[in-house]
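Worksheet: the structure to be examined is printed underneath.
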Amino acid sequence: MASARPPCRVGHGFDLHRLEALAPEGAGRPLILGGVRIEHRLGPVGHSDGDALLHAVTDAILGALGQPDIGELFPDSSPKWARADSAIFLAEAVNRMKSAGFELGNVDATVILQKPKVAPHKDAIRLNLARLLGVDASRVNLKGKTHEELDALGAGRGVAVHAVVLLMAKEAPS
Ligand code: MG
């Protein structure tokens, strides 16, 4: 019979936010990815700060653990999470990971954003994400892609993120 706690677990997270003109012109909040502010005339519409990268990584970790997802833990119907810093959500997922006896092997994320280009911000985002996860930056990878001008994402009307994480079981104390 397989062990109750496998040596590693994989998790996938996806998040998408509509982009609108920044307030007060529209409902967009400042564009933040991985906790890093990116100057743009549009920003995400969302209940929290709309950080799609942190949301996707949070859901990937929770998914790997087989635990409730970000929307269940931090419902957008709760005023408590209005404009919340998404680092709070990620910290909860990291705490749950540690409590379950796992550590982060690595995370690989893809940001789909037509404009502006992610590349100039990639290192800053990667380093900040590693800091929030409490791991060396070598365990965090980030890719930026456009949507080839196809559909709403390609028209610059949204930002989407895919994230995959590998969690590794920590050695049980003997
Ligand atoms: Mg989200």
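Order of listing sets the numbers, starting from 1, for every ligand and every atom in it. Scope of the values below: all heavy atoms of this structure, side chains included, with no hydrogens, waters or symmetry mates. Treat the numbers as computed from the prediction; the structure is a model and nothing was measured.
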His55 and side chain to side chain contact (heavy atoms under 4.5 Å, CB included): which partner among Leu90, Ile70, Leu16? Ile70

Do any N/O/S atoms of Asp15 come under 2.8 Å of the Mg ion (ligand 1)? yes

In terms of relative ring orientation, are Phe74 and Trp81 parallel, tilted or perpendicular, with 30° and 60° separating the classes? perpendicular

Closest approach of Ala64 to Val165 (non-hydrogen atoms, all atoms of both residues): CB-CG2, 4.2 Å

List the atom of Met97, the atom of Glu103, and the distance in Å for their closest heavy-atom pair. SD-C, 4.0 Å

For the Mg ion (ligand 1), which N, O or S atom of His55 is at the shortest distance? ND1

Restricting to N, O or S atoms of His17, which is nearest to the Mg ion (ligand 1)? NE2

